[in-house]
Amino acid sequence: MHKYQNAKEKQLEKLICNCCGKVFLVENGIVKEGVCSVDCLWGYFSEKDGERHQFDLCEACYDKITGNFKIPVDKISEKELL
């Protein structure tokens with residue numbers, strides 16, 4: 001869950017894991033920990049047509065949830081750009 005100091009400028013003040021409630025370390029609007037942010041716009045054939053669902057997960061909650069998947073998450077190594 002994102003909390004902004006100024007909604008117009010979108011300066012991030014606080015970020016909270018929607019699953020466990022952990023508060024992420026945020027400095028100067030930058031998250032200093034790993035976070036999984038999900039943004040899903042549900043389509044026409046769903047029961048949630050037209051709804052946008054957004055949530056954030058800490059790494060521990062992400063691992064717990066994805067660890068129960070019947071088909072594992074695709075993992076692709078990426079190098080940081082300089």
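In what follows, every heavy atom counts, from backbone to side chain, and hydrogens, waters and symmetry copies are set aside.
Residue Asp49 qualifies as enclosed at atom CG: its count of foreign heavy atoms under 6.0 Å is above 12.
Pairing each heavy atom of Asp39 with each of Arg52, the nearest pair is OD1-NH1, 2.7 Å. Closest of all the heavy-atom pairs between Val31 and Leu12 is CG2-CD2, 3.5 Å. Gly21 and Ile16 get closest at one heavy-atom pair: O-CG2, 3.6 Å. When all heavy atoms are compared, the tightest approach of Cys58 to Cys17 is N-SG, 3.3 Å.
In the hydrophobic cluster analysis, where Ile, Leu, Val, Met, Phe, Trp and Tyr join through side-chain heavy atoms closer than 4.5 angstrom, Val35 is grouped together with Val26. Note on Val38 and Val73: same hydrophobic cluster, where clusters join Ile, Leu, Val, Met, Phe, Trp and Tyr whose side-chain heavy atoms are under 4.5 Å apart, directly or indirectly. Cluster membership for Phe69 and Tyr62, using ILVMFWY side-chain heavy atoms within less than 4.5 angstrom, is shared.
Residues passing the side-chain hydrogen bond (donor to acceptor under 3.5 Å, both in side chains) test with Glu59, sequence neighbours excluded: none.
Annotation: the span from Leu41 atom CG to Lys48 atom NZ amounts to 12.5 Å, rounded to 0.5 Å. Rounding to the nearest 0.5 angstrom, the gap separating the CG atom in Leu25 from the CD1 atom in Ile30 is 11.0 Å. The OG atom of Ser37 lies 8.5 Å from the CG atom of Leu57; values are rounded to the nearest 0.5 Å.
The closest donor-acceptor contact from the side chain of Asn68 to the backbone of Lys64 lies under 3.5 Å. Proximity of a side-chain donor or acceptor of Ser46 to a complementary backbone N or O of Trp42 within less than 3.5 Å is not detected.
Judged by the 6.0 Å and 45° rule, Lys22 forms a cation-pi pair with Phe24.
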